[in-house]
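First comes the structure, then the notes that go with it.
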Amino acid sequence: MGTLTGRVAFVTGAGSGIGRACAIGLAAEGAMVFVTDIDAPGGRETVAQIEAAGGLATFRGQDVTEEDRWAELVQRVMDLYGRLDILVNNAGIGTSGLITDVTLEQWLHQMNVNVTSCFLGIKHALPAMRSPRPDGHVGGSIINISSVAGLGGSAGMSAYCASKGAVRLMTKAVAMECAAMRDGIRCNSVHPGIIDTPIWQKLDTSGALVSAVTPGANALDVDVIGAGAPVGHAGKPEDIAAGVVFLASDASRYMTGSELVIDGGWTAH
Ligand code: NAD
């Protein structure tokens, strides 16, 4: 028996990187994982990897900025499994650029994908998490993937930092609300440092900005940036998944409104 046997988890952006590692980690502990992403091949590959390891998962396409889809998918989880125990709000994108160059369209898209997504996920998951379960389990665990960029500022990352700072404080406000309602639902944020995932190839930035932010670098190379962490290298998606599995499990039952920083020491100095 795993620490999450019988639990049902919903993981967004689970077709790649940290989200995939979280889905695999939760399934390895016995959770049934509802994998969603706008990237259908990536999401199906995650499910295939979970099933190959003997776990349970299913994929549904989802753009996390669309409220109707959130409502539909949470209802689908309840129809299929009759419960929702864990929500990992992981889907995210990174916009970089000097604040004077960022367009309003880029800013709003950054906020929609990284912040509005968490609001919608929490709004629609909470009623499902508050429904009675056949095994008497009460409560739930909401885990929002923020960033070290939600703890401190970085040149050229104003839109991204603003989005991750918002996720950090939304997490604490939701934690307070659930605690006040005594509903047993916990809400925590995770703050990864530099993690080796495809997000670094997807950042929209200019060469001039990159060389200003990372001297000597002519691209946003995760190995170069990761070498700046006190431990000397970037982290792996599994390093974040380990923290997410802990926050999902009853081992973290007294944690809510917390910030779990997993960053190779990035923010320690
Ligand atoms: P990634 O690009 O590998 O994965 C992100 C996933 O989100 C992708 O599968 C993508 O298709 C999906 N996604 C993007 N927009 C979406 C949308 N509108 N609807 C649904 N899915 C969408 O990146 P990652 O590094 O695994 O990032 C996961 C989370 O971790 C993000 O929130 C990111 O900001 C955060 N994070 C990453 C790092 C890092 O160094 N990699 C550091 C701190 C925080």
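What you are looking at is a predicted structure, and each value in this text was computed from that prediction instead of being measured. Computation of the quantities below employed the complete heavy-atom set of this structure, encompassing side-chain atoms and omitting hydrogens, waters and symmetry-equivalent molecules.
- Ile240 places a side-chain heavy atom less than 4.5 Å from the side chain of Ile262.
- Not counting sequence neighbours, Arg186 has no partner by the salt bridge (Lys or Arg N to Asp or Glu O under 4.0 Å) test.
- Between Phe10 and Thr36, the closest side-chain pair of non-hydrogen atoms falls below 4.5 Å.
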In residues 148-162, what donor-acceptor pairs under 3.5 Å come from side-chain atoms, sequence neighbours left out?
none

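- Residue pairs meeting the salt bridge (charged side-chain N to carboxylate O under 4.0 Å, His left out) criterion with at least one member in residues 36-48, sequence neighbours excluded, do not occur.
- To the nearest 0.5 Å, atom CG of residue Asp223 and atom CG of residue Asp196 are 6.0 Å apart.
- Val64 has its side chain within reach of Trp70: a pair of non-hydrogen atoms, C-beta onward, lies under 4.5 Å apart.
- The two residues Leu4 and Ala248 come nearest to each other via the heavy atoms CD2-O, 3.7 Å.
- Taking each heavy atom of Pro198 and Ser16 in turn, the nearest pair found is CG-OG, 3.5 Å.
- A continuous path of Ile, Leu, Val, Met, Phe, Trp and Tyr side chains, each step under 4.5 Å between heavy atoms, connects Trp107 with Met170, placing both in one hydrophobic cluster.
- When the side-chain hydrogen bond (donor to acceptor under 3.5 Å, both in side chains) test is applied to Asn188, no partner is found at least two apart in sequence or on another chain.
- Side chain of Thr197 to backbone of Ile199: a donor-acceptor contact under 3.5 angstrom is found.
- Residue Ser147 holds its OG atom at 7.5 Å from CD1 of Ile194, rounded to the nearest 0.5 Å.
- Sequence neighbours left out, the pairs with a member in residues 128-150 that pass salt bridge (charged side-chain N to carboxylate O under 4.0 Å, His left out) are Arg83-Asp135, Asp85-Arg133, Arg130-Asp183.
- Closest heavy-atom contact between Gly2 and Thr5: N-OG1, 2.8 Å.
- Within the model, atoms CG of Leu56 and CD of Glu51 stand 8.0 Å from one another, a figure rounded to the nearest 0.5 Å.
- Here Arg253 pairs with nothing under the side-chain hydrogen bond (donor to acceptor under 3.5 Å, both in side chains) rule; sequence neighbours left out.
- Contact check for Val8 versus Leu80: no side-chain heavy atoms found under the 4.5 Å cut-off.
- Sequence neighbours left out, not one pair with a member in residues 230-241 passes salt bridge (charged side-chain N to carboxylate O under 4.0 Å, His left out).
- Residues Val11 and Leu260 fall within the same hydrophobic cluster, defined by Ile, Leu, Val, Met, Phe, Trp and Tyr side chains chained together at heavy-atom separations under 4.5 Å.
- Note that the CG atom of Asp101 and the OG1 atom of Thr95 stand 13.0 Å from one another [nearest 0.5 Å].
- Side-chain atoms of Thr12 come within 3.5 Å of backbone N or O of Ala91 as a donor-acceptor pair.
- The distance from atom OG1 of Thr171 to atom CG of Asn89, rounded to the nearest 0.5 Å, is 8.5 Å.
- Contacts classified as salt bridge (charged side-chain N to carboxylate O under 4.0 Å, His left out) and involving residues 149-160 (residues at least two apart or in different chains) are not found.
- In this structure, the side chains of Ser146 and Glu259 stay at 4.5 Å or more apart for every pair of heavy atoms.
- Of all the heavy atoms in Leu84 and Ala125, the pair that sits closest is CD2-CB, 3.8 Å.
- Residues Ile145 and Val244 have side chains in contact (heavy-atom distance under 4.5 Å, counting atoms from C-beta outward).
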Could you walk me through whether Arg69 and Asp63 pass side chain to side chain contact (heavy atoms under 4.5 Å, CB included), step by step? CA-CA 7 Å; Arg69 190 63 174 153; Asp63 180 335; over 6 Å; no

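- The closest side-chain heavy-atom distance from His109 to Ile93 is below 4.5 Å.
- Leu73 and Ile86 fall into different hydrophobic clusters, where Ile, Leu, Val, Met, Phe, Trp and Tyr are joined by side-chain heavy atoms under 4.5 Å apart, directly or via other members.
- When hydrophobic clusters are built by joining Ile, Leu, Val, Met, Phe, Trp and Tyr residues whose side-chain heavy atoms come closer than 4.5 Å, directly or via intermediates, Val35 is not grouped with Leu87.
- The two atoms that bring Thr267 and Val261 nearest to each other are OG1-CG1, 3.6 Å, heavy atoms only.
- Placement of Leu247 and Val88 within a single hydrophobic cluster is found when ILVMFWY residues are connected by side-chain heavy-atom separations under 4.5 Å, directly or transitively.
- Scanning both residues, Asn90 and Gly13, for their nearest heavy atoms gives ND2-O, 3.1 Å.
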What side-chain donor-acceptor pairs closer than 3.5 Å can you find for residues 19-30, not counting sequence neighbours?
| residue | atom | partner | partner atom | Å |
| --- | --- | --- | --- | --- |
| Arg20 | NE | Thr46 | OG1 | 2.8 |
| Arg20 | NH2 | Gly15 | O | 3.1 |
| Arg20 | NH2 | Gly42 | O | 2.9 |
| Glu29 | OE1 | Thr3 | N | 2.7 |
| Glu29 | OE1 | Thr3 | OG1 | 2.9 |

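- Residues Cys187 and Asn144 have side chains in contact (heavy-atom distance under 4.5 Å, counting atoms from C-beta outward).
- In this structure, the side chain to side chain contact (heavy atoms under 4.5 Å, CB included) partners of Glu67, at least two apart in sequence or on a different chain, are Leu120, Lys123, His124.
- A distance of 4.5 Å separates CG of Asp250 from CZ of Arg7, quoted to the nearest 0.5 Å.
- Annotation: ring-ring contact (aromatic ring centres under 6.0 Å, His included) contacts involving residues 233-267, sequence neighbours excluded, are absent.
- Ser163 places no side-chain N or O within donor-acceptor distance of the main-chain N or O of Gln110, the cut-off being under 3.5 Å.
- Residues passing the side chain to side chain contact (heavy atoms under 4.5 Å, CB included) test with Thr58, sequence neighbours excluded: Met32, Phe34, Arg60, Tyr81.
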